[in-house]
Amino acid sequence: MRAEAPLLEVNGLKKHFPIHGGVLGLETAKVYAVDGVSFSINRGETLSLVGESGCGKSTVGKAILRLYPITGGEVYLAGDRIDTLSAGQLRPLRRRVQVVFQDPFSSLNPRMKVRDILAEPLVNFGIVRGGRELTKRVEELMAKVQLPRDAINRYPHEFSGGQRQRIGIARALAPGADLIICDEAVSALDVSVKAQIINLLVDLQDEFGMALLFISHDLAVVEHLTHRVAVMYLGKIVELADRRTLFATSHHPYTRALLSAVPVPDPTAKRQRVILTGDVPSPINPPSGCRFHTRCPFVFDRCRVEEPLLRPVGEGHVSACHLEHVPGGQVVPIAA
Ligand code: SF4
């Protein structure tokens, strides 16, 4: 293990899904769902992975969880490489990395009571054997996520969406995970319930110190819980910065377009809305050069042929764009 390693380190992650066709079922194309993504998360930190539907952000989460093999790149947990582990070696990883999915109803067994849903990871990972201690741990978990005591003998269908998500969070907390991947975990909830769940996650992180990889299509949702934000477009990270920098001085035109849709709390403040035209191109045949060039309001010739690499544009702030911002709010091409 390397000293001072981040909790999670993802280097050049690729996940390409083959498409098979014809009578022989031969591979005819590939979906370039994730195409060279790198980032790290420190202990106790929240990194949000944000982008439109189909940008590959959920695939990144599932690849880290080893729900399918990756095409390329490396994934490290606390300095230990985990993408090459065999099925048998994955068991300790399952305890340390947990997930909360968007739809708690489909991820909770409808035939299990809350008691059994929360007891399962405690027993499976050998944390508690059973008896009174198990009941006590289940009750403690329920209290941590603010579920009423009488919920213990109820089934998932007896709860609201927000309460079901609390059960999902308690289940993720049960094994004492170092990292919880929240995959669109609040997307299906009403605005007020969404805020309650976000506040709960912030409180739990303060208490237990776990890191969060928060995957969301909505920048507004992550603003109040994240430490850093990585913006994804068509399988690649196009900008990464700490929250304050990204929301105040974003660099990439795609990030600026996403931010322009985020409501501003002050009704007198004006934010110019950037409407992106066209749909996200297909990840089967991504555009040449900059993948965003088919929708970018600033596109120029170089964008169509040369892929912009992530480059530093500030302290801890990287962006993949051929433009430079200059005083006066102007943008000019950077030197080739
Ligand atoms: Fe737009 Fe060109 Fe920058 Fe891509 S590289 S975001 S197309 S200006």
Side-chain angles (χ1 to χ4, degrees), residues 10 12-16 30-39 47-57 59-60 73 215-220 222-223 226 228-262 271-336:
V10 175
L13 179 69
K14 292 184 180 178
K15 179 60 192 174
H16 302 162
K30 279 191 173 74
V31 178
Y32 296 91
V34 178
D35 209 12
V37 160
S38 302
F39 61 87
L47 176 82
S48 294
L49 209 48
V50 177
E52 287 165 288
S53 167
C55 71
K57 55 193 187 302
T59 306
V60 170
I215 296 169
S216 175
H217 68 278
D218 188 352
L219 261 174
V222 309
E223 187 172 4
T226 201
R228 289 187 298 140
V229 185
V231 178
M232 272 190 83
Y233 186 78
L234 215 53
K236 289 182 180 285
I237 289 178
V238 297
E239 185 162 13
L240 194 157
D242 66 79
R243 177 193 50 174
R244 191 185 296 257
T245 301
L246 193 107
F247 278 85
T249 57
S250 62
H251 179 274
H252 198 281
Y254 179 58
T255 311
R256 292 188 161 207
L258 291 183
L259 277 172
S260 77
V262 173
R271 183 177 271 171
Q272 195 181 359
R273 183 83 199 264
V274 181
I275 307 289
L276 289 177
T277 53
D279 296 325
V280 180
S282 167
I284 296 173
N285 189 18
S288 59
C290 174
R291 293 186 175 195
F292 186 54
H293 86 246
T294 55
R295 302 170 79 199
C296 180
F298 302 103
V299 61
F300 58 105
D301 288 348
R302 186 174 161 199
C303 308
R304 298 185 181 89
V305 292
E306 184 184 330
E307 182 180 347
L309 303 177
L310 281 171
R311 64 185 176 90
V313 292
E315 179 77 31
H317 183 184
V318 291
S319 173
C321 175
H322 292 312
L323 291 176
E324 192 92 70
H325 293 273
V326 295
Q330 299 298 305
V331 288
V332 296
I334 57 168

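Whatever order the structure lists ligands and atoms in, that order sets their numbers, starting from 1. Just so it is clear, the values below take in all heavy atoms, side chains as well, and ignore hydrogens, waters and symmetry mates.
Remark: Arg243 pairs with no residue by the salt bridge (Lys or Arg N to Asp or Glu O under 4.0 Å) rule, at least two apart or across chains.
Put simply, OH on Tyr233 and CG on Leu258 are 10.0 Å apart, with the number rounded to the nearest 0.5 Å.
Tested against Glu239, the residues His317, His251, Arg256 include a single side chain to side chain donor-acceptor pair (under 3.5 Å) partner, His317. A side chain to side chain donor-acceptor pair (under 3.5 Å) with Asp35 is found for exactly one of Lys30, Lys14, His16, namely His16.
Taking distances strictly below 2.8 Å, the protein N/O/S atoms close to atom 1 (Fe) of ligand 1 are Cys296 SG.
Residues Ser250 and Thr255 bring no donor and acceptor atom of their side chains to less than 3.5 Å of each other. For the 3.5 Å distance criterion, the side chains of Asp242 and Thr245 qualify, holding a donor opposite an acceptor.
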